[in-house]
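Worksheet: one structure, shown below.
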Amino acid sequence: MSERPAGAARGGLPREPRLDALRGLAIAAVLVLHFTLAFGLARSPLGAWLGRPLLAVLTLRGNYGVTLFFAISGFLITDHVLRRDGALPRLDWRRFAVERASRLLPLLALALLCVLVPGLLGWPFFAGDTHAPPMTAGRWAIALLSVLGFWHNQLMQSWGYFHYILNVYWSLSVEEVFYLGFAVLCLALGRGERVMMVAVALVLLGPLYRAVHPDDEIRYLYAYPACFDAIAWGVLAAWVAHRRPASPLRAAWARALGLVGIAAAWSVDFGAHPAWSFSALAAATALWLWALAGSRPCHPMWARLLAPWAWLGRHSYELYLFHIIVLALLRQVWSRQTLPDAGRLPLLAAYLVLSAAVAWAVASGVGDPA
């Protein structure tokens, strides 16, 4: 969620409206999931119109949205290194680290400050988990260090779900630990092919790890081995796109097949903890990304139609960090029990607009989404 498309180059992606739009759909899925968990939509008019099965596909697949982000992020990082440095072993690790830190840390620090101050004041949903007493100073220190040190998902394996807002930031731990290892491997292994062998190993490890932990939701969804495979799929797609780019005709068919695969995987309920559904989604996304890298530029008409979704995609990191803070503020006023059924869709719309406004404001003042 913290990655952005890089500039145009042969074998890579320019600022691509279709890619930004896919990220927009992914972050929208995350936002809608968290609203649904907080307030529910089954009793809203939307539930009556769509029915529960289709409603679940549209509102309870936020974790699949994170998988899309992981695959896209792996692709963009690898594509950027290959274009800028020429080969993975020539990765400029100092510039790589500075760019990652400058993109991530200012906004993350601001978000944590927005959580900490009302949390210390004891505000519900800021002070801890929804069904637990407020956190002590010691637990606050450990929790904040785990977010900033990118081991929050590991802490969740010990503490469980312990903070309504901070637990949402688990995916940063997955991404940044992966990229630390990615940079080390690029420099240590000496050849890009060897890095790709590690990526293939991670692709194989992911579903095996999830198959071993079907009854442990936190490990199944958030552990490093359960998530690295999606990023690795993106890494492989970028590598192949530079080595064997798709022709425009083949790219068109592969894009269509990738979208069908994404839709098919998205329809699978991961509540039963299948080992393969996240892998299938990541593989379909990787195929789509490979095809997109070889495609003709997006037609201006499609670019205009996709513009709202592309805007969400370009601000996905800001939305990721701050939407849950907006939601926690709304929960100071309304609850699932007190919110009228007719008020759920208007509140959803207000929450989405407020989240977008906050994302725009923090991006303008602190971040740099361009």
Side-chain angles (χ1 to χ4, degrees), residues 1-27 65-88 91-93 95-104 107 171-172 174-183 185-186 192 195-196 199 202 227-243 245-246 251 255 258 262 281-295 297-298 309-320 367-370:
M1 301 181 188
S2 58
E3 208 44 62
R4 67 183 72 164
R10 181 183 179 275
L13 288 176
R15 172 63 67 147
E16 170 52 68
R18 290 166 291 189
L19 185 146
D20 282 336
L22 185 64
R23 291 199 302 177
L25 288 170
I27 192 61
V66 177
T67 298
L68 288 180
F69 279 117
F70 284 159
I72 293 170
S73 179
F75 184 95
L76 291 173
I77 284 287
T78 308
D79 177 71
H80 188 48
V81 171
L82 289 171
R83 288 187 295 103
R84 185 184 63 186
D85 299 320
L88 296 183
L91 180 146
D92 184 337
W93 68 268
R95 182 166 56 181
F96 183 85
V98 168
E99 288 178 351
R100 296 301 298 167
S102 63
R103 170 61 175 156
L104 291 173
L107 286 170
S171 62
L172 281 179
V174 171
E175 276 196 310
E176 298 318 307
V177 168
F178 183 98
Y179 291 128
L180 174 62
F182 175 77
L185 290 173
C186 286
V195 179
M196 294 306 108
L202 292 174
C227 301
F228 280 170
D229 61 323
I231 308 178
W233 272 112
V235 170
L236 289 165
W239 175 261
V240 175
H242 278 258
R243 290 300 184 91
R255 281 204 325 272
I262 290 171
L281 179 63
T285 306
L287 174 64
W288 186 84
L289 290 165
W290 169 76
L292 191 66
S295 299
C298 184
W309 296 104
W311 186 93
L312 293 177
R314 291 194 301 273
H315 292 81
S316 57
Y317 182 50
E318 293 82 6
L319 285 164
Y320 162 69
D368 178 20

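Since we're looking at a predicted model, the values are computed, not measured.
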Would you sort out whether Thr67 and Thr285 count as a side-chain contact (heavy atoms from CB on, under 4.5 Å), showing the intermediate values? CA-CA 9 Å; Thr67 298; Thr285 306; over 6 Å; no
Side-chain donor or acceptor of Tyr179 paired with backbone N/O of Gly74 under 3.5 Å: yes
Provide the closest heavy-atom pair for Ala251 versus Ala246 in the form atom of the first, atom of the second, distance. CB-CB, 3.9 Å
Between CD1 of Ile262 and CG of Leu22, what distance do you get to the nearest 0.5 Å? 5.5 Å
Do Tyr317 and Leu172 make a side-chain contact, defined as non-hydrogen atoms from C-beta onward lying under 4.5 Å apart? yes
How far apart are the closest heavy atoms of Ile27 and Leu312, and which atoms are they? CG2-O, 4.0 Å
Shortest non-hydrogen contact from Ala26 to Gly65? CB-O, 3.5 Å
Set of residues satisfying ring pair (Phe, Tyr, Trp, His ring centres under 6.0 Å) with respect to Trp311, sequence neighbours excluded: His315
Side chains of Leu19 and Leu289: closer than 4.5 Å at any heavy-atom pair? yes
For a side-chain contact (heavy atoms from CB on, under 4.5 Å) check, start with the C-alpha distance between Leu236 and Thr78, then their side-chain angles and the critical distance, and finish with the verdict. CA-CA 8 Å; Leu236 289 165; Thr78 308; over 6 Å; no
Between Phe70 and Asp229, is any pair of side-chain heavy atoms under 4.5 Å apart? no
With sequence neighbours excluded, residues passing ring pair (Phe, Tyr, Trp, His ring centres under 6.0 Å) with Phe178: Phe228
Would you check if Ser171 and Phe69 make a side-chain contact, meaning some heavy-atom pair closer than 4.5 Å? no
Return the minimal non-hydrogen interatomic distance between Phe75 and Ala293, and the atom names on each side. CZ-CB, 4.0 Å
Looking at every heavy atom in both Ala286 and Ala237, which two are closest together, and how far apart are they? O-CB, 3.5 Å
Do Ile77 and Glu175 have side chains that get closer than 4.5 Å, going by heavy atoms? no
Tell me, do Leu185 and Leu88 make a side-chain contact under 4.5 Å, heavy atoms counted? no
Taking every heavy atom of Ala232 against every heavy atom of Ala199, the minimum-distance pair comes out as CB-O, 3.5 Å
Less than 4.5 Å apart, side chain to side chain, heavy atoms only: is that true for Phe96 and Cys186? no
pair Glu16-Ser295: side-chain heavy atoms closer than 4.5 Å: no
